[in-house]
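The structure appears right after this line, and notes come after that.
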Amino acid sequence: MNVLLIGSGGREHALAWKIAQSPMLGSLFAAPGNPGIADHADLVAIDLTDHQAVTALCRDKAIDLVVVGPEAPLVDGLADTLAAAGIKVFGPSAKAAQLEGSKGFTKDLCARQDIPTAAYERFNNAPKAKAYVRTQGVPIVIKADGLAAGKGVTVAMTLEEAFDAIEDCFEGAYGEAGAEVVVEEFLTGEEASFFCLCDGETALPFGTAQDHKRVGDGDTGPNTGGMGAYSPAPVMTEDLIAQTMRDIIEPTMRGMAEMGAPFSGVLYAGLMIDETGPKLIEYNVRFGDPECQVLMMRLKDDILVLLSAAASGGLKHVSARWSDETALTVVMAAEGYPGTPRKGTVIAGVDKAEADGAKVFHAGTAVKDGALVATGGRVLNVTASGEDVQTAQARAYAAVDLIDWPGGFCRRDIGWRAVARERNLD
Ligand code: AMP
Ligand code: GLY
């Protein structure tokens with residue numbers, strides 16, 4: 001089977017690494033890819049917004065399956081164009097990708113299907129949104145409706161913060177994404193990420209993880225795309241997984257099918273867990289990054305069998321088995337991230353970290369004059385496994401310390417909640 005992988009982050013490096021282990025694989029191509037992905041795939045430079053060019057590439061390389069990593073090409077309809085050309089694709093249609101592309105769309109679906117989530121209202125102007133905030137009080141959550149690269153959410157602790165966030169949205173801080181605003185109830189509890197592979201009809205549970213969104217130790221500082229993750233998430237017990245499938249995932253699959261937009265690809269539910277059970281914070285229509293890295297470390301089965309089953313309606317015939325070990329990944333980012341990251345700094349020691357037993361997934365890297373250099377915000381994902389979170393954490397940081405990159409930084413406490421929980425049990 002010839003495969004084209006779309007994307008260039010740590011998520012896609014982890015997918016490429018796992019796809020390359022499949023006995024079913026013929027040739028693997030990646031567009032645009034990165035130096036880590038290049039170990040497993042032929043890289044192709046192509047404009048991903050030119051869907052006809054992607055279709056032509058698939059024909060030229062006799063591609064049997066396209067795996068789309070990031071959300072933007074999905075919301076933009078790449079899967080629709082490929083499907084119309086008869087090319088099998090892992091990833092939802094543009095209409096189904098609205099689950100991530102429009103927070104209002106998802107909230108309305110939750111309301112119709114009685115899915116547990118924060119109470120909300122949708123607004124298209126600031127005065128009405130502010131009046132609603134006044135009636136609700138703080139804390140309260142303000143969200144730009146559309147894709148805002150993870151930056152469109154403000155958890156406002158004061159009325160002033162809430163009003164500023166509303167003004168930012170309507171004054172264009174997030175472009176078109178902020179033309180509509182969702183104001184929602186502030187939820188408390190513990191967050192977890194839950195993944196399902198979907199084929200339009202069947203949803204197959206596909207692992208749990210916890211991410212660390214804030215840039216600083218102890219969950220302080222601004223939000224990022226994710227500074228580290230581990231899997232499984234101990235908070236997601238078998239009972240909670242069953243409850244999430246019954247109350248959240250299955251009604252979503254039914255609701256999407258009823259709308260004529262059956263969901264296929266990976267459905268990533270951001271959950272808040274409290275004593276009453278799971279509530280949906282948001283959906284993403286792609287693997288989490290860096291959550292995918294830890295899922296791929298733990299998956300025992302052939303990822304290509306699973307992705308092609310999802311792409312062709314065959315999920316009810318397959319299952320996924322996982323290692324009992326915990327996998328943990330530490331994101332190394334360029335100084336300045338999540339603001340403007342410093343580019344071009346030289347990275348050494350990746351081979352030493354891998355010789356130490358870790359797997360280092362690349363994100364924003366390039367090779368320049370024979371040296372590995374940083375080109376983006378999140379740059380490396382140093383990933384290790386162990387029989388518990390403490391062991392995986394110690395191994396990951398031992399490998400981080402072998403990487404010589406003065407222009408980079410990482411959090412030193414990835415997994416802290418789970419480690420504290422393990423220590424309490426000791
Ligand atoms: P999102 O970009 O939608 O994942 O939101 C970013 C983060 O904001 C989430 O991971 C939560 O920590 C927080 N958040 C979003 N919605 C809520 C909510 N209704 N209540 C409390 N925290 C929230
Ligand atoms: N790590 C969070 C995300 O991928 O959205």
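Just follow the structure's listing: the first ligand is 1, and inside any ligand the first atom is 1. Computed from heavy atoms alone, side chains included, the values below leave out hydrogens, waters and symmetry copies.
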Could you list which atoms of ligand 2 come closer than 4.0 Å to a heavy atom of [X]?
X	answer
E291	1 (N), 2 (C), 4 (O)
G288	4 (O)
Y268	2 (C), 3 (C), 4 (O), 5 (O)
D211	1 (N), 2 (C)

Identity and distance of the protein heavy atom lying nearest [atom]:
atom	answer
atom 18 (C) of ligand 1	V141 CG2, 3.5 Å
atom 2 (O) of ligand 1	V153 CG2, 3.5 Å
atom 16 (N) of ligand 1	K143 NZ, 3.0 Å
atom 21 (C) of ligand 1	L187 O, 3.3 Å
atom 5 (O) of ligand 2	R286 NH2, 2.9 Å

Ligand 1 atoms in contact with [X] (distance to a heavy atom under 4.0 Å):
X	answer
K103	3 (O)
I281	15 (C), 16 (N)
E184	16 (N), 17 (C), 18 (C), 19 (N)

Check whether any side-chain heavy atom of [X] sits under 4.5 Å from a side-chain heavy atom of [Y], and report yes or no.
X	Y	result
Y283	L267	yes
V54	L78	yes
E191	I273	no
F123	E121	yes

Report yes if [X] has an N/O atom closer than 3.5 Å to an N/O atom of ligand 2; otherwise report no.
X	result
K213	no
R378	no
G225	yes

Name the option, out of I142, V155, V183, that contains the heavy atom nearest to atom 23 (C) of ligand 1.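 The option holding the nearest heavy atom is V155.
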Identify which of M272, E185, E282, E191 has a heavy atom lying nearest to atom 1 (P) of ligand 1.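 Among M272, E185, E282, E191, the closest heavy atom to atom 1 (P) of ligand 1 belongs to E282.
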E387, CD atom: more than 12 neighbouring heavy atoms under 6.0 Å: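 Yes, enclosed.
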Carboxylate-amine/guanidinium contact D324 R298, below 4.0 Å: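 Between R298 and D324 there is no salt bridge, as every charged N stays at least 4.0 Å from the carboxylate O atoms.
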Given ring pair (Phe, Tyr, Trp, His ring centres under 6.0 Å), test W416 with Y230 step by step and report yes or no. CA-CA 10 Å; W416 67 275; Y230 55 91; over 10 Å; no
F287/Y268 under ring pair (Phe, Tyr, Trp, His ring centres under 6.0 Å): CA gap, chis, key distance, verdict: CA-CA 6 Å; F287 282 111; Y268 157 2; 9.0 Å; no
With D219, which of R214, R417, K213 fulfils salt bridge (Lys or Arg N to Asp or Glu O under 4.0 Å)?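 Per the salt bridge (Lys or Arg N to Asp or Glu O under 4.0 Å) rule, the option paired with D219 is R417, out of R214, R417, K213.
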Salt bridge (Lys or Arg N to Asp or Glu O under 4.0 Å), that's the test. Do K95 and D80 meet it? Break it down for me. CA-CA 9 Å; K95 200 166 168 197; D80 305 71; over 6 Å; no
Answer yes or no for G270: is there a heavy-atom contact with ligand 2 below 4.0 Å?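 It does not, in that no heavy atom of G270 comes within the 4.0 Å cut-off of ligand 2.
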Enumerate the residue pairs fulfilling ring pair (Phe, Tyr, Trp, His ring centres under 6.0 Å) with a member in residues 153-178, sequence neighbours excluded, ordered by first and then second residue.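 Matches after skipping sequence neighbours: none remain.
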